[in-house]
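Here the structure is laid out as structure tokens; the discussion comes afterwards.
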Amino acid sequence: MAEVLVLVDHLNGELKKTTFEALTAARELGEPSAVVVGTPGTAGKFKEALASYGAAKVYVAESEDAGNYLVTPKVDALAAVAGSASPAAVVVSASAEGKEVAGRLAARLGGTLLYDAVGVNSDGSIEQSIFGGAYSVKSKAAKGLPVISVRPGAVEAVEAEGAAAEETVELPATDPAKSAKITGVEPVVGGDRPELTEASIVVSGGRGVGSAEKFEVVEKLADSLGAAVGASRAAVDSGYYPAQFQVGQTGKTVSPQLYVALGISGAIQHRAGMQTSKTIVAVNKDPEAPIFEIADFGVVGDLFNVAPQLTDEVAKRK
Ligand code: FAD
């Protein structure tokens, strides 16, 4: 069976859910091999979990440098393995870093970048949701190695048996002049909540929330559901919520099981970042708001009346 390389996403010694999604997507194309890039001792902890999602092999690319730089060590490792293993494809998560890794790798290897897949098919084609979700497109690489980035949350991770046999990869020393060095890591606001692009539930607030203080109503509902908090660009631009939580064309793309939009009109640029959510719930006082066109459940009403009731109801059922 053809070998498919999967870049392993991990943070603080934990595997990210996106790794399992990428392994699941890769299984459509062949036999996945996981590529772990990290500081010495990283891969050993992940082996079993990677095998349980079908990784037949684990390429271990470890060095002290790998923890100090963004992007470059990952591209180097994938390029090295791709050179020796001749895989059928490379799959990475379409996170901010993953997108850059995929782009650089495709350029370096003269491959084809297939980006932001919401589905991967066994014929090598991918499904994409474009123009704010207005069109679904099927794309396939016409030449070179396909480098596929998979939208976080779009593919449901499913377990499968694997073997995770280890193979060591020599990483070249990173050239500091050509790489972005990590100078410090600080916890973000809302650090106890799930990461926005990985959360299975996202509760977002828009301009309708009215102020930074009132965003508490969004946060309370999110916390009752164990959700991440998102925001529209209008809410961010108005200073209601920090920019790293913006969902949309110029923000983050999310694809959770449940997306709750509070006081968000549903402009195409917002939809671009959330339209592939599995279930969309919208609360808006304007019955004509475009968000209702894509909502599975809609409540026409004042969010300050509806959201607290939802929060109470969720709390009661816990
Ligand atoms: P509004 O459009 O002002 O809508 C507020 C909504 O709240 C209204 O529908 C109103 O009926 C409702 N409301 C008000 N009060 C209440 C209440 N008490 N209870 C219930 N409902 C209430 N936008 C993004 O979100 N993400 C992006 O990444 C993004 N990128 C962009 C990129 C470009 C190049 C451009 C041009 C625009 C981009 N935008 C983006 C902006 C986008 O076009 C919209 O302006 C923005 O999404 C609107 O945000 P909103 O829905 O919060 O605000």
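Counting starts at 1 for both ligands and their atoms, following the listed order.
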Which pairs would a plain distance check flag for residues 257-265, meaning a side-chain donor or acceptor within less than 3.5 Å of a matching protein atom at least two apart in sequence or in another chain?
unit_1	atom_1	unit_2	atom_2	d
Tyr259	OH	Ser204	OG	2.8
Tyr259	OH	His270	NE2	2.8

Once you restrict both partners to nitrogen or oxygen, which atoms of ligand 1 have a protein partner under 3.5 Å, and how far apart are they?
unit_1	atom_1	unit_2	atom_2	d
ligand 1	2 (O)	Ser265	OG	2.7
ligand 1	3 (O)	Arg207	NE	2.7
ligand 1	3 (O)	Arg207	NH2	3.4
ligand 1	7 (O)	Gly263	O	3.0
ligand 1	9 (O)	Asn284	OD1	3.4
ligand 1	9 (O)	Asn284	ND2	2.8
ligand 1	11 (O)	Asn284	OD1	2.7
ligand 1	18 (N)	Asp302	OD1	3.0
ligand 1	19 (N)	Leu303	N	2.8
ligand 1	21 (N)	Lys285	N	3.1
ligand 1	25 (O)	Arg233	N	2.9
ligand 1	25 (O)	Val247	O	3.4
ligand 1	25 (O)	His270	ND1	2.9
ligand 1	26 (N)	Val247	O	2.8
ligand 1	28 (O)	Gln246	NE2	2.8
ligand 1	28 (O)	Gln249	N	3.0
ligand 1	28 (O)	Thr250	N	2.8
ligand 1	28 (O)	Thr250	OG1	3.0
ligand 1	28 (O)	Gly251	N	3.3
ligand 1	30 (N)	Thr250	OG1	2.6
ligand 1	43 (O)	Gln269	OE1	2.8
ligand 1	49 (O)	Ser232	OG	3.4
ligand 1	51 (O)	Ser265	N	2.7
ligand 1	51 (O)	Ser265	OG	3.0
ligand 1	52 (O)	Arg207	N	2.7
ligand 1	52 (O)	Ser232	OG	2.5

Q) Applying ring pair (Phe, Tyr, Trp, His ring centres under 6.0 Å), which residue pairs with at least one partner in residues 47-80 are found, sequence neighbours left out? A) Phe20-Tyr53

Q) Given Ser224 and Thr311, is the side-chain hydrogen bond (donor to acceptor under 3.5 Å, both in side chains) satisfied, shown in steps? A) CA-CA 6 Å; Ser224 74; Thr311 307; 4.7 Å; no

Q | side chain to side chain contact (heavy atoms under 4.5 Å, CB included) partners for Gln128, two or more places apart | A | Tyr115, Ile126, Ile130, Val137, Ser139

Q. Are there more than 12 heavy atoms of other residues, nucleotides or ligands under 6.0 Å from atom CD of Glu216?
A. no

Q. If you measure from the Lys or Arg side-chain nitrogens to the Asp or Glu carboxylate oxygens, is any gap between Lys285 and Asp302 under 4.0 Å?
A. no

